[in-house]
Amino acid sequence: MKQSQPQTSTNWELGPILRAMLRNKVGAILIALQIAITMTIIVNSVYIIVERNKDMQRDSGIDNENSFYLTSVGFGENFNVPNTVEEDLTMLRALPGVVDAIQTNAVPNSNSGWSMGLKTQSGVEHDAVGTAVYMVDDHGVNALDVEIIAGENFAPSDISLRTVGQVDWPNKTIITKAMAENLFPDIHYAEVVGKTVYINDIDPMVVVGIIDKLQAPWVNWSNVENVMLSPERQSFKGSRYFIRSEPGMRDTLMNQVEELLANSNNQRLIKGMRSIEETRERSYRGHTAMIKILTTVMVILTIVTALGIVGLASFSVNQRKKQIGTRRALGATQGTIIRYFMFENFLISSIGVLLGAILTVILNVILVNAFGLDRLDWFYIPIGMLVLWLVGQAAVFGPAKKAANIPPALATRTV
């Protein structure tokens, strides 16, 4: 006579598991929906966090660690802007520890600046490419620590003076490599040198140089590397000075420069002294806050989902004590009981992650259309599915182990 064999992992019966799930279909459906919603939010949140981190790590093109800026605002009746700017720059450039200094209308990553449109042909019927505008003199390339990779720098004779209300532009410009490629996508950026571009539809400007990289003031702008340098100083009573220091000298020079400029002319105010590192930190505070919020939401959702799985599994164990005891009495091992509940959770989780994959794509399409985000990379979805499967298996292991420890005699006892 053949002896009955103990149940093993191969004795998992899909039928009994499905019937048990149907008897408690509300709980199973709720957990599957919870997993789907959690996956949808977590995958899109992780993608947004990664993208925001990439934005924060982008190279601004300048010497962030050793650069700072300030604003000089003249108020006296006899305040002569051109003479004051010339005297200030001469003093600043002569200071020990200063690499170079310029007057400029804007600062990278400061969220405040000028923008214009450049065209390859004049006329309102032609589309313009948006660009940030930095007005600098022939020291601009050195002060900003950018590299000319094609063409040449401005000459001192190229520098003009912009007055309040002026609408015309100089006849030369230097642009970034990114800007050159956007304006002339069909030729190598080095061949853009010597080309004529148009600003304000009619003002022609010859591209005399190409610089490697320089970011616009607006960190959230999609064309953040579209930048042009215009050979100008400004005759505005509010002058912004950008100073680049030697390594390790920035903080010392910030104090010296503020005192030097304040004492050199009593008809003006010195304000807005700030390092580029602080400026970047301020500009990216929105990114930082979003990352913290999304991280908190993801952690809370994961914990809530795991607790939901634990609750459903614990309820299922309590409802099926006699069934578990019967299986144990028929020879089922503790490992078999554990695997039974983990397989049951795997089925519920699979329904949840498959629905979650669909919802993830739908939410991403909405975010792309509403906020101009990039489309979700495909590999985020299988990674999200795997993570939620693992969370489900980890969450159900405790209740499953508790079920496996129920003695057959106690489980089959009637009261």
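Quick note: residue numbers are just sequence positions, from 1.
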Return the CZ to OG1 distance between Arg240 and Thr71, rounded to the nearest 0.5 Å.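 Between Arg240 CZ and Thr71 OG1, I get 4.5 Å after rounding to 0.5 Å.
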ring-ring contact (aromatic ring centres under 6.0 Å, His included) with Trp221: which residues, sequence neighbours excluded?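 If we apply the ring-ring contact (aromatic ring centres under 6.0 Å, His included) test to Trp221, skipping adjacent residues, the hits are Trp218.
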How close do [X] and [Y] get, counting heavy atoms only, and between which atoms?
| X | Y | result |
| --- | --- | --- |
| Ala101 | Leu92 | CB-CB, 3.9 Å |
| Ala216 | Val227 | N-CG2, 3.8 Å |
| Met39 | Thr360 | O-OG1, 3.9 Å |
| Ile148 | Gly151 | CG2-O, 3.7 Å |

Under the side chain to side chain donor-acceptor pair (under 3.5 Å) rule, collect the residues that match up with Asp88, sequence neighbours excluded.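 Asp88: side chain to side chain donor-acceptor pair (under 3.5 Å) contacts with Tyr241, Arg268.
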Which residues satisfy the side chain to side chain donor-acceptor pair (under 3.5 Å) test with Glu258, sequence neighbours excluded?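 Applying side chain to side chain donor-acceptor pair (under 3.5 Å) to Glu258 gives none.
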Is a donor on one side and an acceptor on the other found under 3.5 Å between the side chain of Thr173 and the backbone of Met205?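 Here the side-chain-to-backbone pair does not exist.
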Consider salt bridge (charged side-chain N to carboxylate O under 4.0 Å, His left out). Of Asp158, Asp138, Asp137, which one does Arg233 pass it with?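 So the option named by the test is Asp137.
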For Gln103 and Ser239, does a side-chain donor sit closer than 3.5 Å to a side-chain acceptor?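 Present: a donor and an acceptor within the cut-off.
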Less than 3.5 Å apart, any donor N or O on the side chain of Thr104 or Tyr69 sitting next to an acceptor on the other?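 Note: Thr104 and Tyr69 side chains miss the donor-acceptor criterion.
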Can you name the side chain to side chain contact (heavy atoms under 4.5 Å, CB included) partners of Glu259, sequence neighbours left out?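 Expected list: Asn263.
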Taking salt bridge (charged side-chain N to carboxylate O under 4.0 Å, His left out) as the test, write out the residues that go with Arg375, two or more places apart.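 By the salt bridge (charged side-chain N to carboxylate O under 4.0 Å, His left out) rule, Arg375 matches no residue at all.
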Sequence neighbours excluded, which residues qualify as salt bridge (charged side-chain N to carboxylate O under 4.0 Å, His left out) partners of Glu152?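 Salt bridge (charged side-chain N to carboxylate O under 4.0 Å, His left out) list for Glu152, sorted by chain: empty.
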Answer yes or no: is there a side-chain heavy-atom contact under 4.5 Å between Ile276 and Ile62?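 Yes; the side chains approach each other to less than 4.5 Å.
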Is the Phe343 ring parallel, tilted or perpendicular to the Phe346 ring (thresholds 30°, 60°)?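 Parallel, since the angle between the ring planes stays under 30°.
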Once the angle between the rings of Trp114 and Phe236 is folded into 0 to 90°, is it parallel (under 30°), tilted (30 to 60°) or perpendicular (over 60°)?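 Taking Phe236 first and then Trp114, their aromatic rings lie parallel (interplane angle under 30°).
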Between Glu277 and Arg280, does any NZ, NE, NH1 or NH2 come within less than 4.0 Å of an OD or OE carboxylate oxygen?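 Answer for the salt bridge query: no.
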